[in-house]
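Here, residue 1 is the first one in the sequence, and each next residue gets the next number.
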Amino acid sequence: MPARVEQIRFCTSRDGTRIAYATSGAGPPLVWASNWVHHLKLDWDCPVWRPWIAILARRHTLVRYDWRGCGLSDREQVEFSFEKLVEDLEAVIEAAGLGQLALFGSTAGAAVSMTYAVRHPEHVSHLVVCASYVRNKLAGSATPQEVAEAEARVKMLEVGWPNDTPAYGQFYTSLLTPDASAEQSQSLADLLRQTTSPATTLALLRTVFRIDLREIVPKIRCPTLVLHSRGDSIIPFEQGRSVAGLIPGARFIPLESRNNILLETEPAWQQLVEALDDFLPATPSGPAWSGALVLDELTAREHQVLELIAQGLDNATIGARLHISERTARNHVSAILAKLGINTRAQAIVRAREAGFGREKVR
């Protein structure tokens with residue numbers, strides 16, 4: 001498992017909601033739009049999510065974030081709509097200073113990712129979706145069975161959340177990971193309760209149940225990998241097949257699992273790892289990073305700018321700190337990226353911290 005080396009920062013979505021995001025690893029940028037049952041800080045102690053962080057950050061600069069109303073993001077007086085969820089992802093990617101990136105989304109995060117890929121094709125080099133769908137349960141002309149099932153799941157959570165009876169507490173997690181061990185299941189159930197409130201959970205479910213991507217999915221044009229568990233009881237397998245069939249040239253890989261969230265302890269995990277390694281751009285080869293290289297190549301002013309980049313500050317704030325214009329700060333940042341042979345601000349942050357920058361307290 002990786003060491004817990006991660007920087008958590010905040011950005012502001014279009015409606016003013018603060019979204020927490022985290023950066024870890026090194027390499028080409030990979031943005032992970034997971035489902036909402038996770039927490040940037042607590043995921044590291046969860047046997048379900050920590051292996052995911054490990055595989056996604058081993059060859060990439062991984063950027064992940066907490067959903068609005070969840071984790072470290074704003075929880076109070078938050079409004080929910082699918083459009084706002086897409087705006088949150090847009091805000092994270094802009095704040096992280098990413099250019100071209102690979103995008104990985106699962107369940108509702110897959111819906112957000114596919115929409116982003118259509119709206120911003122210039123940014124997305126590769127798209128991976130897991131447990132995706134074209135239309136969720138209450139979108140469009142839902143069948144009576146779909147309506148009844150969705151309402152039953154919402155009601156079970158509404159009634160069971162404050163109840164200490166184990167059967168209630170494990171209802172949702174047993175749907176997500178029916179083959180989880182007792183430890184994995186309990187950890188996910190505990191995480192669910194710490195991630196958000198009952199009211200937010202119900203608002204999120206009612207929002208994502210109505211997602212309809214029938215006009216979006218066929219417009220995706222970037223290389224796309226679609227993964228789906230055959231026995232997924234949250235998102236039926238046929239939904240994944242439909243997504244892959246509508247995206248030109250998409251690669252489809254059925255995962256031999258019943259879990260909506262794949263577990264490191266099951267055979268399909270290796271399937272997932274191999275598929276990601278084969279599809280996503282690998283870490284560029286080249287000389288290892290060293291602090292000496294920075295000292296030799298950068299001017300005194302560029303040292304100051306790099307320190308502030310490592311603290312996660314934007315160009316306007318850097319300019320204000322150094323009493324220079326935002327444009328001058330931007331020019332310094334461009335020069336630093338060129339000298340270090342990297343393309344994105346996220347890569348600069350990771351490498352600068354490895355060289356010892358960014359240790360001063362951000363004020």
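Residues V226 and A250 come closest through the heavy atom pair CG2-CB, 4.4 Å.
The closest side-chain heavy-atom distance from L263 to W269 is not below 4.5 Å. Put simply, the side chain of Q100 does not reach to within 4.5 Å of the side chain of E122, judged on heavy atoms. Using a 4.5 Å heavy-atom cutoff, the side chains of T200 and F80 are in contact. When side chains are defined from C-beta on, I8 counts as touching L72, because their heavy atoms get closer than 4.5 Å. Counting heavy atoms from C-beta on, the side chains of V31 and L89 come closer than 4.5 Å. Contact check for D66 versus T195: no side-chain heavy atoms found under the 4.5 Å cut-off. Between D212 and F82 the shortest side-chain heavy-atom distance does not fall below 4.5 Å. Put simply, the side chain of Y116 reaches to within 4.5 Å of the side chain of I93, judged on heavy atoms.
Two rings, from F252 and F237, have their centers less than 6.0 Å apart. Ring to ring, W44 and W52 are not that close: their centroids are 6.0 angstrom or more apart.
Residues satisfying the salt bridge (charged side-chain N to carboxylate O under 4.0 Å, His left out) test with R258, not counting sequence neighbours, are D179. Every residue meeting the side chain to side chain contact (heavy atoms under 4.5 Å, CB included) condition with L246, not counting sequence neighbours, appears here in chain and number order: V134, V217, P218. Under the side chain to side chain contact (heavy atoms under 4.5 Å, CB included) criterion, K84 pairs with D15, R68, E79, S81, E87, sequence neighbours left out.
Distance check: L103 CG to S125 OG gives 9.5 Å after rounding to the nearest 0.5 Å. To the nearest 0.5 Å, atoms OH (Y21) and CD1 (I19) are separated by 12.0 Å. Here the CG-CH2 distance, from L62 to W32, works out to 7.0 Å after rounding to the nearest 0.5 Å. Atoms CG and CG, from L227 and L262 in turn, are 9.0 Å apart once rounded to the nearest 0.5 Å.
In this structure, Q270 places its CD atom where more than 12 heavy-atom neighbours from other residues, nucleotides or ligands lie under 6.0 Å away. Surrounding CD of E183 are at most 12 heavy atoms belonging to other residues, nucleotides or ligands under 6.0 Å away. More than 12 heavy atoms of other residues, nucleotides or ligands lie within 6.0 Å of CZ in R75, so this atom counts as buried by the packing criterion.
With N315 as the fixed residue, the side chain to side chain donor-acceptor pair (under 3.5 Å) test singles out one of R345, H332, E326, R327: R345. Among the candidates V273, D278, L280, the single residue satisfying the side chain to side chain contact (heavy atoms under 4.5 Å, CB included) test with L276 is L280.
Note: H38 and W49 have perpendicular aromatic rings, judged against thresholds of 30 and 60 degrees for the angle between ring planes.
No donor-acceptor contact under 3.5 angstrom links the side chains of Q194 and D190, judged on distance only. At a cut-off of 3.5 Å, with distance as the only test, no side-chain donor of Q239 or S242 sits close to an acceptor on the other residue.
Electrostatic pairing of R9 and D314 does not count as a salt bridge here, judged by no charged N lying under 4.0 Å from a carboxylate O. Residues R119 and E83 are paired through a salt bridge, judged by an N-O separation under 4.0 Å between the basic side chain and the carboxylate. Salt bridge R58/D277: present, at least one basic N to carboxylate O contact under 4.0 Å.
When atom types are taken as modelled, the side chain of S181 and the backbone of Q184 share a donor-acceptor pair closer than 3.5 angstrom. The backbone N or O of I234 sits less than 3.5 Å from a side-chain atom of D232, completing a donor-acceptor pair. No donor-acceptor pair under 3.5 Å is formed between the side chain of W67 and the backbone N or O of G109. When atom types are taken as modelled, the side chain of H228 and the backbone of P254 share no donor-acceptor pair closer than 3.5 angstrom.
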